[in-house]
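Encoded as structure tokens, the structure appears first; notes follow it.
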Amino acid sequence: MAFRMHHIPVCPFSQRVEILLSLKGMSEAVEYNVVDITKPRPEFLLELTRGTTAMPVIELGARTPIKESMVILKMVEGMFPDPPIARTDPHEHALESILAEQQGAFVNAGYSMVMNRDEAKRETYRARILSIYRAMNDILVNYAPGKTFFFERFGWSEVIFTPMFQRFWFLEYYEGFALPSGAEYDRVRAWREACLAEPHAQQVSFEQIVKLYYDYALGAGNGALPEGRTRSTFVFEPDWPARPMPPKDKFGPPATDAELGLI
Ligand code: GAZ
């Protein structure tokens, strides 16, 4: 049976599921429906999620729909066990889960950093994401048997983090953020680079992320409209390849709909 997953455009959480299925050679097992984040949620979607608005949610025919990307990932891994992407040995899976447990803090640190509108707090956000990178570095050093990936190949923890490494290109562009040199980041730097190079995880590009997430850099998340604008950077038309790159300086004068190529 084909399942149906609803998600917002360039959603990193649904990309996790796409990567997992792609690694399994099962990309057709799920059909995707892109929800327009700039419009109110249709009633049928609110029913699938039991009233919450966050996507993704996956429809499974007559069975109860499932939301929360980590929950969906585990279910998909169980439904399509061959080839396994998570380690099948419980102890090995526990090892990779130690790193996976950091995903929530990491997501939060990156999104709140790009959305920060207080210039005086920039350094605070930078320090916070760096402390999480150091924690991830230590977990890799202490628990990962692999040399670049956690184990010998792109696996469970890589599926979970890669979409976030790609979204955080917006930190590079709008915050001038890069992982500093220095031994305390060496292991996580190598891991991140290997994650980004994975052929099964190329669903989005740097240019696309930077153009679509400009509104986040102005503090407007989840399809909200920044002041003085009539169109979100998440609209489907005009599509992003036709639009110019947004201004890098998020504390400078905000770009208009026209300057962003949105009208
Ligand atoms: N825990 C869920 C999962 O599936 O793992 C999270 C899903 C989620 O947050 N989905 C968001 C959504 O559908 C889009 S991605 N929103 C539309 C709506 O109407 O609710 C945004 C943040 C943030 C951290 C992450 C995100 C994000 O702040 O990526 O602020 C706006 C949203 C720390």
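One is the number of the first residue; the rest follow in order along the sequence. Atom set for the values below is all heavy atoms of this structure, side chains included, hydrogens, waters and symmetry mates excluded. One-based numbering, in listed order, for ligands and for the atoms of each.
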Under 4.0 Å, counting heavy atoms only: does Met115 come that close to any atom of ligand 1? yes

Would you please indicate if the ring centroids of Tyr214 and Tyr173 are separated by under 6.0 Å? no

Indicate yes or no: does an N/O atom of Tyr216 lie under 3.5 Å from an N/O atom of ligand 1? no

Polar proximity ligand 1 side, Met55 side, N/O cut 3.5 Å exclusive: yes

Pairs of nitrogen or oxygen atoms closer than 3.5 Å, one from Glu68 and one from ligand 1: do any exist? yes

Look at atom 15 (S) of ligand 1 and say which protein heavy atom is nearest, naming residue and atom and giving the distance to 0.1 Å. Phe13 CE1, 3.5 Å

Quick check on contacts: which atoms of ligand 1 are under 4.0 angstrom from a heavy atom of Asn222? 11 (C), 12 (C), 14 (C), 16 (N), 17 (C), 31 (C), 32 (C)

Using distance alone, decide if ligand 1 has a nitrogen or oxygen within less than 3.5 Å of any nitrogen or oxygen in Thr53. yes

Are the charged groups of Arg16 and Glu68 less than 4.0 angstrom apart, N to O? no

For a quick test of reading the model, state the closest non-hydrogen atom pair linking His6 to Asn33 and the distance between them. ND1-ND2, 2.8 Å

Nearest non-hydrogen protein atom to atom 5 (O) of ligand 1, with distance, is Ser69 OG, 2.6 Å

Can you see whether Gln15 engages Gln203 through a side-chain donor-acceptor pair at a distance of less than 3.5 angstrom? yes

Could you tell me, atom by atom, which parts of ligand 1 come under 4.0 Å of a heavy atom of Pro56? 4 (O)

Arg41 N/O to ligand 1 N/O under 3.5 Å: yes

To check you understand the geometry: which heavy-atom pair defines the closest contact between Trp240 and Lys211, and what is its length? O-NZ, 3.0 Å

For atom 22 (C) of ligand 1, what's the nearest protein heavy-atom neighbour? Residue, atom name and distance, please. Tyr111 CD2, 4.0 Å

Aromatic contact between Phe234 and Tyr216, with the criterion being ring centroids under 6.0 Å apart: yes or no? yes

Atom 33 (C) of ligand 1 [closest protein heavy-atom partner, distance rounded to 0.1 Å]: Asn108 OD1, 3.6 Å

With a 4.0 Å cut-off on N to O distance, would you call Arg153 and Glu158 a salt bridge? no

Please report the shortest heavy-atom distance between Lys24 and Glu77, naming the atom on each side. NZ-OE1, 2.9 Å

I'd like to check Pro163 versus Phe13 (side-chain heavy atoms, cut-off strictly below 4.5 Å). Are they in contact? no

Using a strict cut-off of 4.0 Å, indicate which atoms of ligand 1 neighbour a heavy atom of Ile8. 13 (O), 14 (C)

